[in-house]
Structures are given as structure tokens and as C-alpha cells.
There are 2 protein chains.
Amino acid sequence: MGFSMLTSSTQPRVLPCGRPKVCEANQPSPELLEVWKNQLRGYLISQGLKYTHQRWKIAELILMTGGHLDAQALVEQVKKMHHGIGASTVYRSIKVLCDASILKESLTDANGRVVYELFEHGHHDHIVCLDCDEIFEFHDEKIELQQSAVIQELDFREVRHRHVVYAHCSYRVT
Amino acid sequence: MGFSMLTSSTQPRVLPCGRPKVCEANQPSPELLEVWKNQLRGYLISQGLKYTHQRWKIAELILMTGGHLDAQALVEQVKKMHHGIGASTVYRSIKVLCDASILKESLTDANGRVVYELFEHGHHDHIVCLDCDEIFEFHDEKIELQQSAVIQELDFREVRHRHVVYAHCSYRVT
DNA sequence: ATGAATGCAAAGGTTTTGCACCCCC
DNA sequence: GGGGGTGCAAAACCTTTGCATTCAT
């Protein structure tokens, strides 16, 4: 398999603050990984680009970790897991993976860095836990609708939005 | 006065897209500037820090332009208006002014840069105009309330949030 | 075979830091 | 007079780019 240290546990993972990772996407099954791999391959072929070992390894790492990494963290992870892949390849791959609809920019974290996440259809917003730095997702239709109304009222036409709540975890033990 | 080119017009300024700057704070009166100056001086004294020409000039520039500048833009503005103030002083002053509750981080713009704005009591969210890059403010109580409800439901305690809508301007002429 | 992708290193751009000198209190 | 502040330059950081080499097709 090659990723056993990441795929092992079947019981829900628990965060430092005691909260289960309820809002976090589960790790993809081997079958799902194949689906993504084929999506990547298909995209690359369609664009006259090449499917390479490095591009897949980087994509796989993102998929296995559930996304929510900034560029720098991704470079470090890649260096750790796959000695030999250079930083520039990671940066270049981020662009390709975004174009391939596997990755997308999501929010900017507390340090002002752009965090990437898996491209999943369906919009969601984010909660950044100030206790454990974990990123959670939420979606609320009432908020979305009201936002649309407000934006229209002000004569704007929304293209996208980012709604990020920085919060403490009520589960916190410390 | 020294800032006449910035304070002149009494009629509402109009943006490139034709929209008046309705959401933008007005430029402060000389009296209000004195209030801010005293706030800065008071803060500095209370912290055992020193009131300097440079710190005030940087604060004044931010106040006169209504805020909404990233660090780089502020450095350029300062260089233009006050030849002799170095970039490092600007960066150091940004921190001091944030601590003094004159400035605060607000949003990250389309380029991923942190934009600072005047510290004003009363929360608001932002609309970034993709046509003219101007930043507008909005506030909607329904959204705020619903957000609070959602966050509480998920067992978080909100500290702050950033809600930024990137949009086109319906006024757009081009 | 051929053109794209890679790794390295160098360059770019932004922000921070070290230090001698300056100035506010 | 003394300690914080400033300007300059150098360093630190992150990201992009140029180029020779490697690799996928």
C-alpha cells in the first residue's frame, strides 16, 4: 500500500481538544484513489500534458491527508514522504492540480497563507479552530440566501465568497 | 494642512465603474485627527514607548486615505509622501498601530495580501469589487445571528470572523 | 524521437533583523 | 543621558524562473 501509517485507524480520529473529526472528509478508499488518479490522467491527456510519477504522488498525498494544507506545508510533506521531489515541482503541481479540479484554493489561515483543499462540488465555509489549528467545514443555507439578498441589494453580482470563523473549541480540555 | 490633495472634494467621489463611494468612510476632520493623535500618544506613553514623527505620519496617512491598504501599498504611499521614512519603520509601525487600536487586519484581497483598515468599533464584512478592486463594507444582522447559531450548534465559541464576497459591479460600464 | 517535466540553483519579491546613529522623554 | 526608534543593508522566507537533463509517450 505505501500509506499504511495514514490509512490505518477505523475508529474516528480524535483531535487534541477531544473533538472527533466529524467535519473532516474521510480518507479515500483505494478505489476512490483510482478514480482521482484517472481524473488526473484524463485531464492531463486532454491538455496534452504528461502523467508523471511526481504529479500523482503529490496528488495522492493531498488526497490522503484530506486537503487543508498551505503550499509550504505541502512542500514539507512531499519532501518528507518522497525524497527527491523538488519544491518547484510541488508549486508547479499545485497549479496543475487546481486546473484539474482536484485541488482548489479555499481560505487564508491565521498566518495569511492560502490553504488549499480538495475540490469537491458543493460550497462550504470554514471554521478555524484556534485551539488545535484544525479546519472544519460548515454550510448553512440561510446564511447563503441572506448573503445573496444583501449583495444584490447593493448592486453587486457575486462571483465567490469566503466566510471563515475563527473560534475556540468548546470541547477544549486545557 | 499638508494633505489638501486628499481632502479637497466635497462632492461624493465616483469610482471607475460609476458607483459612488457610498460604503467608504469619510475623511476625518482635523479635530478627529487630533483625537486619533492623542489616542496614539496615550497608547505609546502607557506602554513606555515613544511618540515619534514617523509613527504619526504613518498613522495620519492611513487615516486620511480611509484605510484599506496592504503593507506593500502603505510602504509605497509613505515613501511617496514622506521621503526618508524607511520600509522597516512602516512594517514596525503597522504592528504598533494595530496594538494601539488605530489599525487592524481586515481581509485578504484577491492577491492573498492582508489588507489593513481603520480600527472602528462595530463589526462589518467586506465586498471586494473585481472590476475596480475597491473594497466596500456591509453589515447584516440576520447573517450575523444565523452564523452565531450555526457556530454554537457545532460547539465552537467564535472569536472573530471574516466574510468577504468577491463580486462584479452591476454599475460596470465597460 | 520529441517535447514536456523535473531538479537544481539563481533570481524575485516581501518582510524581518542587526546595528550604528539619532532623538524623544 | 539613556533607552527606545530609525534608516540602511543584510538576512530570511516564500515563490517563481531559467536551464540542462530526464522522462513519458
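Since the structure is predicted, the reported quantities are computational estimates derived from the model, not experimental observations. By convention in this document, chain letters (A, B, ...) are assigned in the order of the sequence lines, proteins followed by strands, and residues within each chain are numbered from 1.
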**Request:** Output, in order, the C-alpha distance, side-chain angles, deciding distance and verdict of salt bridge (charged side-chain N to carboxylate O under 4.0 Å, His left out) for B/Lys79 and B/Glu76.
**Result:** CA-CA 5 Å; B/Lys79 281 232 160 102; B/Glu76 284 165 21; over 6 Å; no
**Asked** What's the spacing between A/Ile135 CD1 and A/Leu107 CG if we round to 0.5 Å?
**Response** 4.5 Å
**Complete:** Separation of D/dT6 atom C1' from B/His82 atom NE2, nearest Å, is 15 Å
**Distance-only polar pair, side chains of A/Glu60 and A/His82, donor-acceptor under 3.5 Å** = no
**Request:** Considering only heavy atoms of chain A and a distance under 4.0 Å, specify the first and last nucleotide of DNA chain C in 5' to 3' order that meet this criterion.
**Result:** C/dG3 to C/dC8
**Below 4.0 Å: OP1/OP2 of D/dG5 and any side-chain N or O of B/Gln54** = no
**Item:** Gap between atom OH of B/Tyr166 and atom CD1 of A/Ile151 - 0.5 Å precision
**Value:** 12.5 Å
**Prompt:** Taking for each residue the nucleotide of DNA chain C with the nearest heavy atom, is it A/Ser93 or B/His53 whose nucleotide lies nearer the 5' end?
**Reply:** A/Ser93
**Message:** Students often mix this up, so state it plainly: with edges at 30° and 60°, are the rings of B/His123 and B/His139 parallel, tilted or perpendicular?
**Reply:** perpendicular
**Request:** Mind calculating the distance between NZ (B/Lys57) and P (D/dT6) to the nearest angstrom?
**Result:** 14 Å
**Prompt:** Separation of B/Arg55 atom CZ from D/dG4 atom P, in whole Å?
**Reply:** 11 Å
**Message:** When you compare the side chain of A/Phe138 with that of A/Asp125, does any pair of heavy atoms fall below 4.5 Å?
**Reply:** yes
**Request:** On DNA chain D, check which nucleotide each of A/Arg113 and A/Ile45 is closest to and give me the residue with the more 5' one.
**Result:** A/Arg113
**Side-chain N or O of B/Thr52 closer than 4.0 Å to phosphate OP1/OP2 of D/dT6** = yes
**Prompt:** Rounded to the Å, how far apart are A/Ile94 CD1 and D/dC14 C1'?
**Reply:** 12 Å
**Message:** Nearest 0.5 Å, please: how far is CG in B/Asp140 from CD in A/Gln147?
**Reply:** 10.0 Å
**Prompt:** Contact class for B/Ile85 (heavy atom, under 4.0 Å): base, sugar-phosphate, or nothing?
**Reply:** sugar-phosphate
Under 3.5 Å, which donor-acceptor pairs link side chains of residues 45-55 of chain A to any protein atom two or more places apart or in another chain?
residue : atom : partner : partner atom : Å
A/Ser46 : OG   : A/Tyr43 : O            : 2.7
A/Thr52 : OG1  : A/Arg55 : N            : 3.2
A/Arg55 : NH1  : A/Lys50 : O            : 2.9

**Message:** For B/Arg41 and B/Glu76, find the nucleotide of DNA chain C closest to each by heavy atoms; which residue's nucleotide sits nearer the 5' end?
**Reply:** B/Glu76
**Prompt:** Within this structure, what is the CD-to-P distance between A/Gln47 and D/dT25, rounded to whole angstrom?
**Reply:** 15 Å
**Asked** Can you find a heavy atom in the side chain of B/Val96 that is under 4.5 Å from one in the side chain of B/Arg92?
**Response** no
Where do N or O atoms of nucleotides 16-22 of chain D meet protein N or O atoms at under 3.5 Å, pair by pair?
none

**Request:** May I have the distance from A/Leu44 (atom CG) to D/dA24 (atom C1'), rounded to whole angstrom?
**Result:** 11 Å
**Request:** Write down the distance between CG (A/Leu40) and P (D/dA24), rounded to a whole number of angstrom.
**Result:** 14 Å
